[in-house]
Amino acid sequence: MKVKNIIIYCIVSSLFLFSLVSIWKILSTLQGLEVKNFNFSLIFLIGFIISLSYLILGNKINNKIKSIFFSLAFTFLDSYLIQSLPMWYSIGIFLIVYFFTSKIQKYSKEYLNQEYSSQIVLFDFLTLFGIVLFSFVILFPFYMMLVTSFKTQIALLVNPLDFSINFNQDMKELFKSYFVIFKTYKFGKFILTSSIVSIGTVIITLIFAIPAAYAVARLNFFGKTFLSTSILIIYMFPAIVLVIPLYTVFSQLGLRNSIEGLLIVYTATTLPVAIYMLQGYFKSIPKELEEAAILDRQNWFGIIFKIIIPLSVPAISSVALYVFMIAWNEFLFSLMFLDNPNSFTLSRAIQYLSGDAETPRQYLMAGSVIVTLPVLLIFVYFEKYLVSGLTAGSVKG
Amino acid sequence: MSNKLSKIEKRTAYILTLPAVCLVFAIILFPIFANVWISFKEVGLKDIRIPEPRAKKIVKSISEEPAKIKILYKLRNSSLIQEIRNISFVDKFPKNTKPIDLDERCIFKVNKIRCNFGNWQAKYRENFEIILKSTDGKKIEKKEVKSFKPKLNGKSDNILLSTNFTLKNFKKVLFENEFFDLLSTTFYYTFFGTVGSIIFGVLAAQMVNQKFFGRTFMRSILLFPYVGPVVALAYTWELLLDPNSGTLNSLLINFQIIENPINLLGQKYITFNFFGFDLKLRLALTTVIFFEIWRYFPLAFLFILARLQAVPKELYESADVDGAGPIQKFINITLPQITAVISILFMIRFIWNFNKFEDVFLLTGGASGTRTLPINVYQQGFAISDIGMGSAVSIVIVILLLIFMYFYFHLIGKKANES
């Protein structure tokens with residue numbers, strides 16, 4: 001029992017160490033270092049030895065001294081194996097091993113004697129591994145997008161692994177892709193169109209959704225349950241089955257290539273979820289407030305404007321942010337309805353850019369950064385509101 | 001009194017909901033029914049433009065006679081396939097002018113000319129000339145003549161509104177276009193995309209549910225792929241996976257894991273040896289599924305995390321007292337708590353992945369074995385320009401969707417009855 005636990009602990013922890021070191025090696029390779037091998041067997045062996053010696057040493061030596069000693073030993077061994085590496089790489093290795101040793105401190109011989117300790121060890125390391133892996137896999141494409149937009153065509157073709165940005169060059173050179181897409185490809189106009197469409201959609205959706213949601217939440221009328229269930233069913237119908245009829249009708253009405261056409265479609269597709277979210281919130285507002293207003297001889301519009309809206313600012317803002325995000329990111333309808341570059345939205349413009357095989361990829365990535373950045377900034381800043389919007393509206397997407 | 005109040009209440013409710021209901025019906029429900037109509041017709045992309053009579057007005061001064069001016073109308077039928085009937089033409093001239101030798105199809109009355117051009121065949125063209133003379137002998141200003149725009153009107157058949165129906169589109173969709181292949185690709189994509197995103201969602205939720213430094217930060221990062229715009233993310237992935245100078249292939253070659261670059265998005269099949277068996281994997285489709293999982297696992301994560309945080313702590317504490325290990329706790333406490341969420345998520349995500357268009361379209365455009373039903377709608381309707389076929393495929397999607405929804409609401413109803 002005990003030996004099995006110790007072996008499992010050593011294997012799992014050294015695999016974890018290996019994965020940390022490997023990710024560091026990948027990142028260093030992308031900074032132009034020549035690392036050709038992960039050295040799996042060797043690092044695994046060292047990790048195994050470190051874990052085992054931690055168990056044997058126990059608490060006899062001060063933890064900090066132990067950690068520093070092992071980290072230094074690992075770093076020297078590593079830089080001996082792979083020659084001519086810069087200082088920052090070794091410092092990184094040192095910090096990784098230091099982090100690793102501080103994580104394995106809590107496992108002692110006594111700890112591993114407990115029942116299920118091997119499972120706990122496994123879970124602990126899986127969690128740590130998951131954190132590292134998930135952040136790496138998720139952030140890497142975003143990192144790549146950003147870095148590529150600062151590179152030049154030649155540099156990208158010569159060494160696709162070189163992600164280092166030369167900050168010593170002129171600001172004009174560094175931001176060249178951005179200057180080009182704004183000047184040559186007129187991205188300023190696309191940003192404006194996208195903003196008008198998204199903000200317009202938010203405003204119109206709210207104007208339509210707030211009264212409707214209030215009626216569904218508060219008033220009794222024939223067909224109310226039918227309405228609230230059909231809202232959800234309608235919401236499930238995907239854009240792709242609407243595209244052909246809408247395209248034909250919009251062509252005949254001359255609504256293609258127009259901001260109005262996009263506004264109508266975006267509003268209609270986001271309305272169901274907006275009504276659904278708002279009516280849920282409106283139901284939670286105490287009725288007594290409205291009854292007092294009715295006694296004050298307020299009409300329904302007065303009630304909505306003076307009581308409901310001021311009380312449901314959080315819900316309204318989360319709907320607004322969610323709708324904004326949907327409209328800003330929307331691609332299918334803008335692909336179908338816009339074929340004149342004068343009325344392109346950002347997403348459509350980037351797709352149009354990529355359609356030309358000659359377009360250098362750094363321009364494409366600069367465009368991508370421009371379309372992604374606002375959404376991510378809004379998301380990080382208003383996370384609380386957006387998350388509640390996402391959970392409510394997440395049947396779609 | 002109360003009766004009157006309830007009447008007012010009803011009326012207000014209808015007024016408040018009407019705008020939203022009308023808009024949603026016009027943009028979402030109407031197209032679904034219109035699809036049925038169009039799918040039984042032979043309509044191409046070029047047919048949906050309404051034929052218009054058009055006139056281009058060119059004004060020429062006659063050099064010797066300033067009191068006269070020549071107007072040339074280049075008339076044409078905008079349509080290449082359809083006839084326009086009963087074309088009427090109206091134009092205005094400046095005051096104190098008069099046309100001479102007027103065409104017999106036209107009448108001149110108080111500065112206005114009205115013509116009846118009869119019927120125009122498809123591609124019809126005519127140069128129609130009028131010479132204008134001023135009645136008071138003054139010079140006619142070119143600008144003034146130009147400032148009036150001629151108006152043309154005509155009747156034409158709208159192919160979309162005619163009542164010729166055919167079953168041809170459905171025959172083609174179901175029997176000619178490798179329908180089975182299309183369907184299996186769609187199901188493969190949908191099923192594995194859904195299952196994968198739920199598995200990763202469970203893992204991520206389980207991870208974030210532990211206490212560690214930077215947990216809220218981690219939660220926002222995990223949602224990045226879901227909130228980012230598809231266009232940007234798809235193109236970034238395309239660059240990442242590019243066989244010639246993509247980062248992933250270069251990395252794998254650098255670390256000597258592969259020898260030759262793999263075209264992850266452009267290769268239909270990859271064969272590899274697995275314990276003596278030759279396995280054939282649909283490579284491009286698998287890559288697209290991985291993108292799908294990467295983009296949509298955050299959603300599953302969000303749902304499952306919310307559920308996990310609502311699990312009472314006492315359950316785990318009593319399990320600790322009973323001496324249960326982490327794996328037992330996960331299987332016996334966590335999993336039963338999240339199965340309801342997972343089954344709902346599965347249904348919703350299944351329906352949505354089934355209809356996913358953008359992701360596949362942007363990554364591969366439907367090439368190398370990634371043609372799903374939604375991609376086919378686009379290809380039939382806009383690449384091959386056969387609107388009728390595109391609609392027929394849409395109808396197939398809608399029917400499948402209704403079947404899924406039936407199961408979904410059935411399941412929800414059952415769940416609601418149980419609890």
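Hydrogens, waters and symmetry mates play no part in the numbers below; they use all other heavy atoms, side chains included. Lettering follows sequence order; numbering is per chain, from 1. Worth saying up front: this structure is predicted, and the values here are computed from it rather than measured.
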Asks: Could you tell me whether A:Asp339 and A:Arg348 make a salt bridge, using a distance below 4.0 angstrom between a side-chain N and a carboxylate O?
Replies: no
Asks: Tell me, side chain or backbone of A:Leu346 under 4.5 Å from chain B's heavy atoms, or both, or neither?
Replies: neither
Asks: Measuring heavy-atom distances to chain A, does B:Leu23 have an atom under 4.5 Å in its side chain, in its backbone, in both, or in neither?
Replies: both
Asks: Report which part of B:Glu9 has an atom under 4.5 Å of a heavy atom belonging to chain A: side chain, backbone, both, or neither.
Replies: both
Asks: Less than 4.5 Å to any heavy atom of chain A: does that hold for the side chain of B:Phe361, its backbone, both, or neither?
Replies: side chain
Asks: Quick one: what part of A:Leu139 sits under 4.5 Å from any heavy atom of chain B, side chain, backbone, both or neither?
Replies: side chain
Asks: Testing the 3.5 Å rule here: is there a donor-acceptor pair between the side chains of B:Tyr235 and A:Ser354?
Replies: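 Note: B:Tyr235 and A:Ser354 side chains meet the donor-acceptor criterion.
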Asks: Can you tell me which portion of B:Leu402 sits under 4.5 Å from chain A's heavy atoms? Options are side chain, backbone, both or neither.
Replies: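 Answer is side chain: those atoms of B:Leu402 sit under 4.5 Å from chain A.
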Asks: For chain B, which candidate among A:Pro141, A:Ser135, A:Gly130 shows the most heavy-atom pairs at distances under 4.5 Å?
Replies: A:Pro141
Asks: Under 4.5 Å heavy-atom distance to chain B, tell me which part of A:Ile370 shows up: side chain, backbone, both or neither.
Replies: neither
Asks: B:Phe404 versus chain A, heavy atoms under 4.5 Å apart: side chain, backbone, both or neither?
Replies: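 The answer is neither part of B:Phe404.
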Asks: Taking side chain as everything from C-beta outward and backbone as N, CA, C, O, which of these in B:Val208 sits under 4.5 Å from a heavy atom of chain A? Side chain, backbone, both or neither.
Replies: neither
Asks: Counting only heavy atoms not in B:Phe357, do more than 12 sit closer than 6.0 Å to its CZ atom?
Replies: yes
Asks: Using a cut-off of under 4.5 Å on heavy-atom pairs, state which of B:Ile32, B:Val230, B:Ile397 scores highest against chain A.
Replies: B:Ile32
Asks: Between B:Val393, B:Leu239, B:Leu401, B:Val21, which shows the greatest number of heavy-atom pairs under 4.5 Å with chain A?
Replies: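 It is B:Leu239.
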Asks: Which region of B:Ile257, side chain (C-beta onward) or backbone (N, CA, C, O), has a non-hydrogen atom less than 4.5 Å from a non-hydrogen atom of chain A, or is it both or neither?
Replies: side chain
Asks: Checking B:Phe255 against chain A: side chain, backbone, both or neither under 4.5 Å from a heavy atom?
Replies: both
Asks: Quick check on A:Leu335 against chain B: is it the side chain, the backbone, both or neither that has a heavy atom closer than 4.5 Å?
Replies: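 Contact with chain B involves the side chain of A:Leu335 alone.
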Asks: Could you look at A:Val375 and say if it's the side chain, the backbone, both or neither that has a heavy atom under 4.5 Å from chain B?
Replies: side chain
Asks: Could you look at B:Phe33 and say if it's the side chain, the backbone, both or neither that has a heavy atom under 4.5 Å from chain A?
Replies: neither
Asks: How about CZ on B:Phe217, more than 12 heavy atoms from neighbouring residues, nucleotides or ligands closer than 6.0 Å, or not?
Replies: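 No - once you tally the heavy atoms of other residues, nucleotides and ligands closer than 6.0 Å, there are 12 at most.
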Asks: If the plane angle is over 60° it's perpendicular, under 30° parallel, otherwise tilted; pick one for A:Phe136 and A:Phe140.
Replies: tilted
Asks: Does the ring center of B:Phe382 lie less than 6.0 Å from the ring center of A:Tyr247?
Replies: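 Judged by ring-centre distance (under 6.0 Å), B:Phe382 and A:Tyr247 do meet the cut-off.
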Asks: Got a second to check how far A:Leu128's CG is from B:Gln210's CD, nearest 0.5 Å?
Replies: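 It comes to 9.5 Å.
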Asks: Pick from B:Val231, B:Val24, B:Ile15: which one has the most heavy-atom pairs with chain A under 4.5 Å?
Replies: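 Answer, by heavy-atom pair count under 4.5 Å with chain A: B:Val231.
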Asks: Is it the backbone or the side chain of A:Val369 that comes under 4.5 Å from a heavy atom of chain B, or both, or neither?
Replies: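 It is neither, since no heavy atom gets under 4.5 Å.
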Asks: Considering only heavy atoms, which portion of A:Met365 lies under 4.5 Å from any heavy atom of chain B: side chain, backbone, both, or neither?
Replies: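 Interface part for A:Met365: side chain.
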Asks: Verify the ring-centre separation between A:Phe134 and A:Phe129: is it less than 6.0 angstrom?
Replies: no
Asks: What part of B:Ile28 lies closer than 4.5 angstrom to a heavy atom of chain A: side chain, backbone, both or neither?
Replies: both
Asks: With only heavy atoms counted, which part of B:Asn244 is less than 4.5 Å from chain A, the side chain, the backbone, both or neither?
Replies: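 Contact with chain A: none, neither part.
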Asks: Is the A:Phe333 ring parallel, tilted or perpendicular to the A:Tyr266 ring (thresholds 30°, 60°)?
Replies: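 A:Phe333 vs A:Tyr266 ring planes: tilted.
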Asks: Tell me, for A:Ile131 versus chain B, whether the close heavy atoms (under 4.5 Å) come from the side chain, the backbone, both or neither.
Replies: both
Asks: Below 30° counts as parallel, above 60° as perpendicular, anything between as tilted: where do the rings of B:Trp294 and A:Phe142 land?
Replies: tilted
Asks: Would you say the side chains of B:Ser391 and B:Asn35 form a donor-acceptor pair under 3.5 Å?
Replies: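 The criterion, which ignores hydrogens and geometry beyond distance, is satisfied for B:Asn35 and B:Ser391.
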Asks: Under 4.5 Å heavy-atom distance to chain A, tell me which part of B:Met207 shows up: side chain, backbone, both or neither.
Replies: both
Asks: Among A:Leu206, A:Ile204, A:Thr205, which one satisfies side chain to side chain contact (heavy atoms under 4.5 Å, CB included) with A:Leu271?
Replies: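 The side chain to side chain contact (heavy atoms under 4.5 Å, CB included) with A:Leu271 is passed solely by A:Thr205 among A:Leu206, A:Ile204, A:Thr205.
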Asks: Where on B:Tyr14 is there a heavy atom nearer than 4.5 Å to chain A: the side chain, the backbone, both, or neither?
Replies: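 The answer is the side chain of B:Tyr14.
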Asks: Go through B:Leu16, B:Ile253, B:Leu362 and name the one with the most non-hydrogen pairs under 4.5 angstrom from chain A.
Replies: B:Leu16
Asks: Need one label for B:Ile395: side chain, backbone, both or neither, based on atoms under 4.5 Å from any heavy atom in chain A.
Replies: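 Contact with chain A involves no heavy atom of B:Ile395 at all.
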Asks: Is it the side chain or the backbone of A:Ile304 that comes within 4.5 Å of chain B heavy atoms, both, or neither?
Replies: side chain
Asks: Can you tell me which of B:Ala26, B:Gly381, B:Ala20, B:Gly228 forms the most heavy-atom pairs within a distance under 4.5 Å of chain A?
Replies: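 So the answer, after comparing B:Ala26, B:Gly381, B:Ala20, B:Gly228, is B:Ala20.
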Asks: Can you tell which of B:Gly390, B:Pro19, B:Ser220 has the highest number of heavy-atom pairs within less than 4.5 Å of chain A?
Replies: B:Ser220
